[in-house]
Amino acid sequence: MDLGLSEQQELLKNAAREFLENECPEQHVRDMEEDEKGYSPELWGQMAEQGWQGLLIPEEHGGVGFDFLDMCVLLEEFGRALVPGPFMSSVLGGGVSIMEAGSDAQKSEFLPGIASGDLIFSLALTEPSARFDESGIECEATVSGNDVTLNGTKLFVSDAHVADYLVVAARSSAGVCLSIIATDQDGVNVTPLQTIARDKQCEVVLNNASGQLLGADGAGWDLLKPIIQKYTVAECAYLVGLSQMDFEIAVDYAKERVQFGRPIGSFQAIQHKCADMVTDVDGSRFIMYKAAWSIATDQPDDETTMAVNMAKAWCSEATRRVVAHGQQIHGGIGFTKDYKVQLYFRRQKRAELAFGDADYHRELVAQQLGL
Amino acid sequence: MDLGLSEQQELLKNAAREFLENECPEQHVRDMEEDEKGYSPELWGQMAEQGWQGLLIPEEHGGVGFDFLDMCVLLEEFGRALVPGPFMSSVLGGGVSIMEAGSDAQKSEFLPGIASGDLIFSLALTEPSARFDESGIECEATVSGNDVTLNGTKLFVSDAHVADYLVVAARSSAGVCLSIIATDQDGVNVTPLQTIARDKQCEVVLNNASGQLLGADGAGWDLLKPIIQKYTVAECAYLVGLSQMDFEIAVDYAKERVQFGRPIGSFQAIQHKCADMVTDVDGSRFIMYKAAWSIATDQPDDETTMAVNMAKAWCSEATRRVVAHGQQIHGGIGFTKDYKVQLYFRRQKRAELAFGDADYHRELVAQQLGL
Amino acid sequence: MDWSDTTVQSTFRDDVRDFIMTRLPDRYQGDSGEGEDFSGGWQADRKSEDAKARGAAENWAGALSEKGWVAPAWPKEYGGAGLTVMEQFIFNQEMAESGAPSVGGMGVSMLGPTLIVHGSEEQKAEHLPRILNGEVAWAQGYSEPGAGSDLASLQTRAVRDGDEYVINGQKIWTSGAHFADWLFTLVRTNPDAPKHRGISFLMLDITSPGLTVRPIIDMGWNHPFNETFFEDVKVPVTNCIGEEDRGWYVGMTLLDFERSGISDAISYRRGQKELREFLVSGAGKQFTRQDFSVVRKELADRAVETEVLFNFAFRIVSIQDSGMVPNYEASVNKMYSSELHQRMARTSTKAWGLYGNLWAEDSAYSPMNAAHVRDYVGSVPHTIFSGSSEIQRNVIATRGLGLPRG
Amino acid sequence: MDWSDTTVQSTFRDDVRDFIMTRLPDRYQGDSGEGEDFSGGWQADRKSEDAKARGAAENWAGALSEKGWVAPAWPKEYGGAGLTVMEQFIFNQEMAESGAPSVGGMGVSMLGPTLIVHGSEEQKAEHLPRILNGEVAWAQGYSEPGAGSDLASLQTRAVRDGDEYVINGQKIWTSGAHFADWLFTLVRTNPDAPKHRGISFLMLDITSPGLTVRPIIDMGWNHPFNETFFEDVKVPVTNCIGEEDRGWYVGMTLLDFERSGISDAISYRRGQKELREFLVSGAGKQFTRQDFSVVRKELADRAVETEVLFNFAFRIVSIQDSGMVPNYEASVNKMYSSELHQRMARTSTKAWGLYGNLWAEDSAYSPMNAAHVRDYVGSVPHTIFSGSSEIQRNVIATRGLGLPRG
């Protein structure tokens with residue numbers, strides 16, 4: 001029993017914080033909101049030099065070979081700094097998918113590129129039905145040997161407009177299958193959507209797009225399960241960092257802002273909001289890490305599944321409460337575009353919704369509780 | 001548009017408050033918690049002298065002939081004073097049932113006795129299934145002409161142990177039927193249950209109990225609808241008065257109780273609770289009166305139904321929030337049996353549950369909203 | 001107790017309704033209200049580059065003006081309609097039900113009544129007619145960066161120099177200043193007096209030299225507010241309303257307006273109805289989350305809460321109609337309405353699942369033109385401006401319930 | 001980060017578990033904990049009229065004593081087990097999981113450690129052994145009618161008279177005093193000093209002349225608390241722990257106990273599990289409300305929240321295990337746990353619909369012996385005693401987050 005970080009994790013965290021404070025300041029986040037690509041290739045390269053895109057990837061494939069807990073430590077810092085760009089798309093959506101489902105050849109072909117940052121991947125999971133379950137996969141796949149031809153529309157695909165490859169979940173005659181497709185082909189048509197978080201989620205229309213099978217045909221849904229679990233917990237880690245920073249900004253503001261001759265943080269109404277915020281943030285952190293630990297240490301399936309659903313159920317709501325309090329504590333200034341706290345408010349919503357909000361996961365918890 | 005009381009209602013309210021402050025003080029409420037009957041026949045008689053049991057009953061049948069809104073004004077005062085005893089059972093469960101469903105002969109036979117307080121009635125609606133809908137009526141009725149024979153168990157029947165007659169909802173070959181049965185017969189076996197509110201809810205076992213039909217055989221459920229609606233709103237009125245008083249007690253305490261050298265009511269944490277309490281109480285009052293007005297002025301059925309469901313959905317939750325805050329503001333003293341505020345906390349739960357809690361009525365609201 | 005109209009009220013309601021039906025320009029038909037940035041409202045339209053918008057604003061102002069309904073609450077002698085509180089309420093109800101924009105903005109609601117109570121005859125003669133004929137739109141300059149909830153600590157200085165005040169300082173949250181012609185503002189004329197007693201109430205032309213209006217873009221990319229900077233701005237002393245240094249009390253004048261906030265309740269109810277209808281429609285179902293039942297309960301709660309808000313509004317007008325002045329009740333309305341607004345926006349956004357991400361109004365993928373996610377952001381300041389929820393609860397507790405000040 | 005035991009921890013856990021399984025008297029098997037009025041606990045049993053209860057209390061105390069586990073946290077030199085914080089945690093976990101009652105009450109948890117830190121050798125020699133062998137049970141007399149959250153304003157006076165203090169005043173909420181033999185209390189010895197600096201920490205025999213213990217019956221008809229009245233009660237000055245007038249600091253001694261509150265989390269989880277199992281069982285279904293789906297979501301939420309509480313407990317012990325002292329984290333635990341307790345009681349009660357009325361433990365109509373409606377009442381003071389939620393939030397904000405005091 002130990003809820004502290006390991007020495008290696010502390011190092012990773014401190015290095016990430018320092019790096020991101022320098023290289024991904026608020027202005028960068030704002031710039032990327034207006035940027036067509038939504039990320040800076042230069043920063044992307046620097047992150048790769050830090051070994052981050054390859055953090056989870058084994059050394060034999062050009063990565064660093066850290067475990068999933070370590071990745072969550074890093075992603076907390078990403079949330080704190082609101083790092084824009086396709087990091088999670090490429091690392092979780094691409095890297096993890098290939099690690100979980102890929103052949104040795106595919107691992108050798110793609111993982112080094114992901115680790116080095118030379119390749120950008122994304123996971124094309126959801127469709128206009130916006131469902132997270134197996135029946136949500138309706139995109140048509142025609143499988144012939146190792147070749148897959150795809151027709152259909154995938155929606156809310158993060159960063160597809162800058163991805164070199166997509167991991168696509170589709171439905172073949174054998175069931176759900178995964179495939180890897182290159183985006184630079186005629187059959188792939190990507191349109192970014194405007195979102196509350198000003199991130200890049202895309203419509204991807206597949207019209208006889210061709211690619212290669214990833215994992216066995218028909219095994220796609222089983223293969224997706226650990227991928228989705230990791231991605232879900234990764235979103236929780238992002239939310240933890242995001243809400244921690246929102247909370248810190250709000251507490252700092254409450255100490256500085258004076259009204260009625262005293263700092264507003266001396267008023268009980270503000271103090272108690274701050275107390276609730278720290279409770280929600282801390283609660284989020286540990287329930288997220290429990291799920292991450294459960295994955296990283298390969299705990300029994302049912303325990304891991306429960307831990308993941310609980311984490312996303314809690315983090316989705318708790319961090320929403322945090323950013324709402326953050327806005328209220330700031331008063332008018334917090335509502336302006338120019339002040340930083342609103343960046344956190346808007347981005348919370350994206351991660352809250354990603355892979356299902358609290359209601360979705362609460363339902364899964366209820367089922368597992370035998371209710 | 002006018003949300004104020006009429007002159008007559010002001011008079012009724014003031015008279016009731018003065019009477020109850022004198023005749024139904026806290027000690028009386030406490031005494032009746034331990035009393036086997038649960039009410040004082042003396043006070044019961046005095047209330048009848050005030051005309052209260054007959055408030056709704058037409059003058060031709062010995063009553064005062066006020067309308068349902070007036071009754072709710074009175075019941076607010078009952079809630080405020082936590083009046084123990086079978087008033088609602090007899091007046092709403094008996095009087096209203098007979099006014100809605102009774103023949104002229106039945107009205108002449110029973111209403112004067114109800115109005116004078118000589119007869120006590122109660123409505124035996126729910127059963128061990130604890131359902132409020134038509135399918136919850138499973139008690140067997142055998143109807144022959146005007147005679148009804150009953151077999152089954154009714155549960156949560158208020159004040160049945162002191163009632164002279166019960167209005168029983170049962171199921172005959174024709175559907176649901178209502179009947180009036182005397183309690184002083186072998187086939188009626190009444191057992192009071194111990195409750196959180198220390199009111200008297202009873203198990204009533206019917207074993208070939210005989211009585212007379214009330215309304216047409218098979219028409220019982222339709223006849224029950226306006227009875228249940230009025231009873232439900234009456235419970236809301238009781239809750240409004242109860243929560244108003246709980247709130248007033250808490251505000252007074254917050255003004256008097258000194259900690260850290262100042263009244264605790266000067267702390268924002270307490271002030272904001274009080275502000276939320278008054279919002280909940282006021283919200284309860286007007287949504288209750290809207291439903292009562294809708295009934296009293298015979299607004300269209302769908303509007304009345306919606307108003308009633310909304311009132312109980314809101315009042316059930318809002319008053320629970322009020323009494324919870326009331327306890328918290330009082331700190332330790334509020335938890336003692338000897339201090340008055342706990343009486344309100346416990347009684348709120350009974351009325352919250354009566355005729356369905358917030359969740360039950362919220363569901364009905366959702367249905368009517370087309371959801 | 002009566003939730004329905006008297007015969008007289010009902011006749012007046014019919015008049016208003018007929019008038020709106022006949023005279024409301026097409027542009028405002030079926031409109032669901034002004035945008036967060038005043039788009040679609042009278043203030044924006046009268047300064048629009050689009051001649052049709054300008055025409056609609058002008059026509060509608062003209063039509064209201066004929067009936068004296070630009071300023072329904074003003075006394076008739078000043079060109080208002082002199083409506084009773086209950087008539088104002090019915091008027092406002094019908095305007096809100098039809099989504100018709102009001103005309104005259106803060107000139108009608110704030111500056112005019114203040115002038116009527118505290119202004120000199122010259123001031124009234126100069127300004128009131130130009131508010132009523134739509135010639136001049138007003139903005140309010142009260143808040144400052146350091147004076148928000150604690151407004152009386154404002155620091156913008158006005159120094160008397162002969163027949164003029166010279167103003168230096170900064171105002172913030174001057175809503176609609178970018179559509180306004182004139183500004184009314186509170187400034188400090190006596191820095192040595194206790195904070196409420198050194199403030200004056202001034203009017204000034206927004207084009208005065210030294211006065212700069214800078215847009216504040218909000219977190220929803222709208223432009224509802226401005227910062228206003230004063231650098232040696234000169235204002236004739238005749239533009240001071242009421243006595244010098246007594247401006248706090250001039251600014252706090254309780255206006256004889258109906259203060260029910262009924263239009264919020266009406267707009268919430270309409271919004272929820274539109275949402276529910278869309279949700280169960282064919283077009284809506286394609287967006288609706290699979291596990292819709294989770295939202296169902298919340299939608300029912302929001303409907304009940306809106307009913308409570310209606311009653312709070314009815315209560316206020318009942319109090320006023322009986323000749324009394326609401327106390328804490330107006331604070332309850334403001335607090336409850338703004339918090340309900342935020343809950344409603346959350347519930348609505350939740351209904352769309354992943355589609356709750358989408359911001360573009362014109363995308364085929366955005367359910368109901370992304371109105372709800374925009375409202376999720378746009379409702380954020382409603383618990384902050386015009387007296388934050390914290391301030392409202394303080395007021396309810398101390399002024400309303402008599403709890404001792406902290 | 002690790003949610004599992006190390007090998008060493010796991011071995012110790014097995015030891016504790018084996019011990020409990022072997023030695024726990026039948027009376028405590030499958031017990032789900034002490035009642036609100038201490039019924040079923042060691043304190044009540046040792047004074048019970050029922051010889052079997054007394055025997056069980058004695059046997060269990062004896063068994064724990066053999067292992068030194070009556071006072072697991074005390075240093076071995078004083079007869080404790082000298083367990084590390086992590087061992088204490090595991091011990092407490094296993095005790096809670098099995099529902100085994102702890103022994104020694106406040107003598108072990110409060111008075112003993114205070115004596116160990118501040119007591120004289122004579123005081124230690126006199127009192128510690130009698131706590132460990134179960135001979136003396138202690139109660140705490142801190143709060144007064146006028147000194148609740150503001151404890152330091154306590155007024156019970158002790159006046160030095162030769163070798164004795166003479167005490168006059170009143171204490172309240174002296175929990176368990178009706179089962180106790182001795183009382184430790186804070187009294188004012190110097191009324192002229194600043195309020196924290198005129199308080200002394202005294203021990204006294206509960207049978208001292210002039211000392212009266214009166215039951216407080218709570219709103220659930222239980223008797224957990226007492227009022228204690230002092231009329232010229234005489235206490236030898238040798239019963240003062242630490243210096244005179246320094247009692248506030250003696251009383252606030254931070255004890256080297258594990259402070260995770262893990263037993264709450266364990267009892268909540270067990271309670272929820274029992275409820276869920278009963279709800280879906282045949283026996284449960286007959287009580288369950290028709291529209292059960294409304295409770296389903298809440299039950300899931302409570303389960304998630306309990307997981308959060310577990311982590312808060314794990315966090316505390318992790319901090320302590322690494323040699324640091326928890327700061328605001330213990331306040332988070334207390335506040336969160338007590339508020340969760342109330343939510344849980346509401347949710348559970350709601351599951352039963354009308355059956356949520358029933359109070360009788362022994363009625364066939366009471367689902368699960370009316371445990372939930374009793375808990376609905378019984379959980380009321382949990383957000384009040386031992387530092388109310390308001391106080392905890394103040395502490396979190398000021399001590400934890402460094403916000404300025406109000």
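In what follows, chains are A, B, ... by sequence order, proteins preceding strands, each numbered from 1.
- Side-chain contact between Asp2(A) and Met1(D) is absent, with no heavy-atom pair separated by less than 4.5 Å.
- Counting only heavy atoms from C-beta outward, the side chains of Leu403(D) and Phe267(A) never approach each other to under 4.5 Å.
- The aromatic rings of Trp3(D) and Trp293(A) sit tilted relative to each other, their planes meeting at an angle between 30° and 60°.
- Counting only heavy atoms from C-beta outward, the side chains of Glu305(D) and Trp314(A) approach each other to under 4.5 Å.
- Distance NZ/Lys290(A) to CZ/Phe310(D): 8.5 Å, rounded to 0.5 Å.
- A 6.0 Å sphere centred on CD of Glu18(A) holds no more than 12 heavy atoms belonging to other residues, nucleotides or ligands.
- For CZ of Arg399(D), the number of neighbouring non-hydrogen atoms (other residues, nucleotides, ligands) closer than 6.0 Å is 12 at most.
- Residue Asn309(A): no heavy atom, backbone or side chain, is found under 4.5 Å from chain D.
- Each of Ile396(D), Val280(D), Val332(D), Leu401(D) has some count of heavy-atom pairs under 4.5 Å with chain A, and the biggest count is that of Leu401(D).
- For the set Val295(D), Leu299(D), Asp301(D), the entry with the most heavy-atom pairs within less than 4.5 Å of chain A is Asp301(D).
- Here the side chains of Asn311(D) and Tyr289(A) are not in contact, with every heavy-atom distance at 4.5 Å or above.
- Using a 4.0 Å cut-off between charged side-chain N and carboxylate O, Arg296(D) and Glu363(A) make a salt bridge.
- With a 4.5 Å cut-off on non-hydrogen atoms, Val278(A) touches chain D through its side chain but not through its backbone.
- Interatomic distance, Phe312(D) CZ to Phe286(A) CZ, rounded to the nearest 0.5 Å: 8.0 Å.
- A side-chain donor from one of Tyr328(D) and Asp282(A) sits under 3.5 Å from a side-chain acceptor of the other.
- The part of Leu69(A) that comes within reach of chain D is its side chain, from C-beta onward, which places non-hydrogen atoms under 4.5 angstrom from that chain.
- Within the 4.5 Å cutoff, side-chain heavy atoms of Asn394(D) are placed close to those of Gln268(A).
- In this structure, Arg362(A) and Val304(D) have side chains that are not in contact, with every pair of non-hydrogen atoms separated by 4.5 Å or more.
- The candidate from Ile270(A), Ile287(A), Asp359(A) with the greatest count of non-hydrogen atom pairs under 4.5 Å with chain D is Ile287(A).
- Separation of atoms CE (Met1(A)) and OG (Ser260(D)) is listed at 9.5 Å; rounding is to 0.5 Å.
- Chosen from His272(A), Gln271(A), Met310(A), Glu317(A), the residue pairing most often with chain D at heavy-atom distances under 4.5 Å is His272(A).
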